[in-house]
Each structure stands twice: as C-alpha cells, then as structure tokens.
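Some notes on the structure that comes next.
Atoms considered below: every heavy atom in the structure, side chains included; atoms not considered: hydrogens, waters and symmetry mates. Quick caveat, the model's predicted, so the values are computed rather than measured.
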There are 2 protein chains.
Amino acid sequence: MLQKYTHDTRILLAIDCIIFGFDGEELKLLLIKRNFDPEKGKWSLMGGFLNETEDLEEGAKRVLNELTGLENVYMEQLQAFGEITRDPVERTVSVCFFALINIHAHDSELSRSMNGYWFNFKDKPDLIFDHNKMVNMALSQLRYKAALHPLGFELLPEKFTIPQLQKLYEAIYDMHLDRRNFSRKIISTGLLIDTGEKNENSATKKAMLYQLDAEKYKNNFNDFHNFISDFKW
Amino acid sequence: MLQKYTHDTRILLAIDCIIFGFDGEELKLLLIKRNFDPEKGKWSLMGGFLNETEDLEEGAKRVLNELTGLENVYMEQLQAFGEITRDPVERTVSVCFFALINIHAHDSELSRSMNGYWFNFKDKPDLIFDHNKMVNMALSQLRYKAALHPLGFELLPEKFTIPQLQKLYEAIYDMHLDRRNFSRKIISTGLLIDTGEKNENSATKKAMLYQLDAEKYKNNFNDFHNFISDFKW
DNA sequence: GCAAAAGTGTTACCTCTACACCCATGT
DNA sequence: ACATGGGTGTAGAGGTAACACTTTTGC
C-alpha cells in the first residue's frame with residue numbers, strides 16, 4: 001500500500017441499526033438499554049463501531065448479530081449522520097441501517113440473547129443522541145419504499161395470509177385499508193403463490209396461505225406499484 | 001468532554017459529490033481531473049475529506065465550493081460507501097452527496113474556478129475507485145425522486161418554459177414524453193406561476209415563462225406525483 | 001343460528017394516454 | 001405561405017374507490 005493521505009482528521013465510525021419488527025398486530029421497534037456511559041440506562045438503537053477489517057454492510061450485520069443473534073435479515077443503508085456534537089464523548093459519524101424482521105420466526109435467537117426489548121412503535125421511548133431523528137427518518141423511508149415496492153413481505157413469516165399482510169401495511173402506515181381493494185392489488189402483482197394450505201390459527205374462517213414467488217420477487221423488486229395510494233406524506 | 005471511546009479504529013472520511021447539470025439539451029455530469037496520486041490524471045468526482053469542525057452537509061458544501069465556486073445549490077445525501085479496498089491509499093469511507101445545478105445560471109463561478117469539466121452524462125468517462133458505482137446510484141436516485149417529487153426545477157433557471165422542463169425530464173430518463181400530457185401534469189401541480197413573460201430565445205412561437213411558487217414548492221415538496229409513469233426501472 | 005373473519009363481484013368515478021387541431025413566429 | 005414549435009381539447013382505456021353479498025368456522 002502507498003503512503004497514507006496527509007489529511008489528519010480520522011473519525012470514529014459508528015453503525016446504528018433501526019430494527020423494525022411485526023408481530024401480527026403492531027409495528028415494533030427493537031431497542032436496547034445502554035449499559036455504559038454516557039447516557040447509561042437510557043434506551044438506544046442497536047449500535048457499534050466499524051472495524052478496520054469489514055465494510056459497512058458487514059459491520060452492520062455483525063452489530064446486529066452480536067446484539068441479537070439475528071442472521072439473514074433484510075437490511076438497507078439509510079444514510080450517514082454526522083452532526084459534530086451528536087455524540088458527547090467524541091466526534092462520531094454514524095452510518096445507519098434499517099432492518100426488517102419477522103418477530104415470531106426469530107423468537108429463539110432473540111430470547112437467547114435477551115439484549116433487546118420490542119416496543120410498539122407508537123410507544124417508543126425517548127432515545128439517546130440523535131437516535132430519535134434516525135428512527136423517524138427510517139420510518140419515512142420504510143413507508144416510502146413499502147408503498148412502491150413489495151418490501152413488506154420481509155416482515156412476515158414464510159407463509160402468510162393476505163389479511164396478515166394487510167394488517168402489516170395498516171400498521172406501517174397507521175391507517176385503515178379496504179380489504180377487497182388491497183387483496184386485488186396484492187394478487188395482481190403476481191408475486192404470491194397459493195400454497196393450498198389454510199391458516200389454522202384463525203378463530204373463524206381460515207384464510208389461504210401464500211408464499212412469495214422467490215424468483216419473481218427478486219427480479220421484480222424494483223417494479224413500481226402503488227400499494228398505498230391515498231397516504232398523506 | 002468525557003474520555004474518548006476505547007474502540008481504536010478511526011477512519012478517514014471522504015466526501016464525494018455527484019454534480020448533475022442541465023444545459024437545456026443534455027443531462028451533464030461535472031467531473032475533475034485528479035491532480036495527485038494515485039490515479040493522477042484520471043477523471044474523478046469532486047471530492048475531499050471531512051474536517052473535524054464541520055458536519056457532513058457543511059463538508060459537502062465546502063468541497064463543492066472549493067472546487068467549483070458554487071454556492072446555494074440543491075444537495076442531498078446519497079449514502080455512504082465503505083468497501084475496504086475502495087481507496088488503495090488507505091481505508092476510507094466516503095459519504096456521497098448529489099447536487100443539482102443549472103449550468104447557465106452558474107457560468108461565472110464555474111468558469112472562474114476552471115477545475116471541472118462538464119460531460120454529457122451519456123459520454124462520461126471511466127472514473128476512479130468506486131465512483132462509477134456512485135454515479136450510477138445517484139442517477140437511479142435522481143430518477144426515482146424526480147418521478148415523484150418536483151425536483152427537476154433545481155436544474156433550470158429561475159424562469160423557464162414548460163418545453164424546457166420537458167426536455168430536462170426527457171434527458172433525465174432518456175426517453176420521449178408526450179408534450180400535451182406532460183404539460184397538463186406539470187400545470188396540475190399548481191406549483192407554477194405564469195410570469196406573463198415570453199421566452200425570447202425561441203426561433204418560432206415564444207413559450208410562456210413560468211417560475212416556481214416558492215411557498216408551495218417548499219410546503220408540497222413531499223407530495224406524491226407521477227411525472228413519469230411508464231419508465232422502466 | 002349467529003357472530004366474526006375471509007373470499008369475490010360490480011359500478012361509478014377519475015386519471016392517464018393517445019391523438020388532432022389551432023396559434024404564433026421567423027424566414 | 002410555410003415550416004417549426006407551442007398551447008389546448010377530447011374520447012377511450014385502464015385503474016381506483018366504494019360498496020354488498022356469500023362462505024366458512026367456532027360457539
């Protein structure tokens with residue numbers, strides 16, 4: 001390797017993860033109680049520092065795994081946050097990722113690590129530093145993307161019913177959707193495969209279980225849809 | 001300030017700017033010939049390093065200003081790029097911004113600094129490091145946002161005609177748009193104010209000059225539109 | 001049998017697209 | 001007058017929203 005650059009400001013790079021979950025009813029946010037100063041005891045996003053030997057995505061996955069045991073989770077970079085005084089200890093730039101996970105499918109990993117606590121998104125506490133801002137931006141981004149791309153599936157079990165999917169979208173946008181129109185929109189994407197099975201959990205009529213057409217999902221992920229047409233941004 | 005964190009990886013933070021311009025006909029990209037090693041003499045994005053005393057947005061504005069003389073330009077963070085080997089000199093994480101500027105309105109600043117060269121986007125040369133990837137992502141992001149929000153105005157003079165705006169959109173998406181439908185879509189946003197003036201440059205019928213309703217633009221920027229409905233993403 | 005949840009069909013409305021015509025200007 | 005570019009109108013297609021009815025299941 002050549003000689004290093006002469007510029008002398010080298011900065012601590014944090015990684016923070018906004019982890020969204022869904023339990024079938026409510027949109028959730030995974031938070032952790034900070035166990036070191038400053039702000040010890042306050043709620044915080046899952047975070048860590050970037051190492052020399054990993055790139056940003058690897059770092060984000062590592063941080064997530066170390067704190068929750070989770071693996072193979074949908075993650076996407078939000079953006080970098082760099083206010084000078086965002087961390088009182090020292091100048092730190094944080095690169096934020098948001099992750100989508102299906103809570104029930106990952107119960108075991110999560111309970112094993114016991115580091116985090118799932119808040120209903122609506123009841124989330126005040127967070128340290130600029131984490132509130134990060135979370136708000138992540139929600140905007142989630143809403144933005146999920147309205148246009150078939151992102152929501154990441155928060156559901158492998159096999160799911162259309163009413164479950166609708167509940168998820170209603171939780172994300174905090175609004176009511178018409179059952180019949182929603183169903184038609186989703187079916188018309190062609191992304192769902194009828195498994196032939198029925199949901200045994202339902203107390204009344206059992207709903208059909210679908211699963212993603214993985215191939216189509218990958219290839220058509222960037223197609224535009226309009227799942228949520230009258231949402232007020 | 002408290003004691004610093006014990007984590008010991010502190011990283012050089014680069015800032016790179018993807019600068020889009022429009023000259024009335026073609027979408028342009030402002031590049032610079034790198035005048036230091038490595039890759040001296042090759043084309044590169046406008047870039048620099050983050051200083052201790054500035055946050056990311058300030059840094060991006062400073063870098064842009066130092067290299068081009070430009071001020072008061074629309075800028076938005078794209079994302080951070082952190083591949084370990086992205087810069088052969090040393091580990092560097094780059095936070096990317098993209099900027100939109102109206103070339104003619106900034107002729108004087110730009111010619112004074114003479115650091116950059118405007119390429120037609122389609123003819124852009126191969127760039128150093130991961131800058132090609134950054135540019136491609138920035139174009140995607142520009143297309144994405146400009147299809148849904150009234151972003152394009154940033155690339156035009158203060159007073160502009162609807163045909164000019166259409167040419168801009170055609171350049172961004174590299175496709176032909178229907179004159180009449182485009183005009184109706186734009187007018188229906190209610191963002192344009194008829195100045196009563198006419199474009200004197202036109203060789204034939206002079207087109208009406210509009211300007212942005214600044215108040216509405218600010219307040220309704222996040223409203224959803226659908227300026228480009230049949231673009232293949 | 002009844003309540004609750006799930007599946008499906010229909011209609012009115014609205015938006016978008018594709019197209020044709022007219023107007024203003026310079027040569 | 002004619003070529004070129006700009007402004008506007010309209011009919012048909014397609015998509016969306018609002019609505020009602022039927023089916024399945026547990027009690």
Side-chain angles (χ1 to χ4, degrees), chain A residues 24-25 146-148 150 156-157 159-171 173 175-211 223-233, chain B residues 24-25 146-148 150 156-157 159-171 173 175-211 223-233:
Chain A
E25 293 295 331
L148 302 169
L156 292 177
K159 296 178 181 178
F160 54 86
T161 69
I162 292 187
Q164 282 173 348
L165 185 60
Q166 179 175 346
K167 272 197 176 148
L168 167 61
Y169 273 85
E170 290 181 335
Y173 297 92
M175 70 187 287
H176 171 76
L177 299 172
D178 183 89
R179 219 159 32 91
R180 298 152 273 205
N181 296 332
F182 182 80
S183 165
R184 218 174 308 114
K185 273 188 189 177
I186 295 294
I187 296 286
S188 75
T189 62
L191 291 172
L192 299 192
I193 299 172
D194 187 342
T195 62
E197 300 168 58
K198 301 229 165 182
N199 181 7
E200 290 302 320
N201 299 330
S202 171
T204 62
K205 181 170 181 174
K206 281 123 172 63
M208 300 192 278
L209 281 165
Y210 290 89
Q211 61 186 24
D223 287 1
F224 263 48
H225 300 278
N226 194 357
F227 296 121
I228 310 292
S229 29
D230 51 352
F231 183 69
K232 279 292 150 241
W233 308 80
Chain B
E25 293 296 330
L148 301 169
L156 291 177
K159 295 177 181 179
F160 54 88
T161 69
I162 292 188
Q164 282 173 348
L165 186 60
Q166 179 175 346
K167 274 200 176 144
L168 167 61
Y169 273 85
E170 291 181 335
Y173 296 93
M175 69 187 285
H176 171 75
L177 298 172
D178 183 88
R179 220 158 33 87
R180 298 152 272 206
N181 296 332
F182 182 80
S183 165
R184 220 174 308 112
K185 274 187 189 178
I186 295 295
I187 295 286
S188 74
T189 62
L191 291 172
L192 299 192
I193 299 172
D194 187 344
T195 63
E197 301 167 58
K198 301 231 164 183
N199 182 8
E200 289 303 319
N201 300 330
S202 171
T204 61
K205 180 171 182 176
K206 281 122 172 62
M208 299 193 279
L209 281 164
Y210 291 89
Q211 61 185 25
D223 286 1
F224 263 47
H225 299 278
N226 195 357
F227 296 120
I228 311 292
S229 29
D230 51 353
F231 182 69
K232 279 291 150 238
W233 307 82

Open item on the list: Using side-chain heavy atoms (C-beta onward) and a distance below 4.5 Å, is M208(A) in contact with T195(A)?
Closed with: no

Open item on the list: Rounding to an integer number of Å, can you tell me how far F231(B) CZ sits from dT17(C) P?
Closed with: 15 Å

Task: Residue pair T189(A) / F227(A): nearest heavy atoms and the distance that separates them - done: CG2-CE2, 3.7 Å

Task: Atom pair distance, as rounded to whole Å: CE in M208(B) and P in dG5(D) - done: 18 Å

- [ ] Please indicate whether K185(A) has more than 12 foreign heavy atoms, meaning atoms of other residues, nucleotides or ligands, lying under 6.0 Å from its NZ.
- [x] yes

Task: Ring-ring centroid check F160(A) Y210(A), cutoff 6.0 Å - done: no

Task: Interatomic distance, I162(B) CD1 vs dT8(D) C1' [rounded to whole Å] - done: 12 Å

TODO: Return the set of residues passing salt bridge (Lys or Arg N to Asp or Glu O under 4.0 Å) with E197(B) (not counting sequence neighbours), or none when no residue passes.
DONE: K159(B)

Open item on the list: Return a single string for nucleotides 20-27 of chain D, one symbol per nucleotide in 5' to 3' order, where B is base contact, S is sugar-phosphate-only contact and - is none, cutoff 4.0 angstrom on heavy atoms.
Closed with: B--BBSS-

Task: Neighbour count >12 (heavy atoms, 6.0 Å) for atom NZ, K206(B) - done: yes

Task: Whole-Å distance separating the CG atom of N226(B) from the P atom of dG14(D) - done: 17 Å

Open item on the list: Distance check needed: dA12(C) P versus D178(A) CG, whole Å only.
Closed with: 18 Å

Task: Euclidean distance, atom CD of residue E170(A) to atom P of dA5(C) [Å, nearest integer] - done: 13 Å

- [ ] Nearest whole angstrom, please: distance from the C1' of dT16(D) to the CD1 of I186(A).
- [x] 15 Å

- [ ] Could you say whether N181(B) or T161(B) is positioned toward the 5' end of DNA chain D, judged by the nucleotide with the nearest heavy atom to each?
- [x] T161(B)

TODO: May I ask you to verify whether the side chain of R184(B) and the base of dG7(D) hold a donor-acceptor pair under 3.5 Å?
DONE: no

Task: Under 3.5 Å: donor-acceptor pair, side chain of Y169(B), backbone of M175(B) - done: no

Task: Separation of dG6(D) C1' from K167(B) NZ (nearest whole Å) - done: 12 Å

- [ ] Check whether any side-chain N or O of S183(A) sits under 4.0 Å from OP1 or OP2 of dT8(C), and answer yes or no.
- [x] no

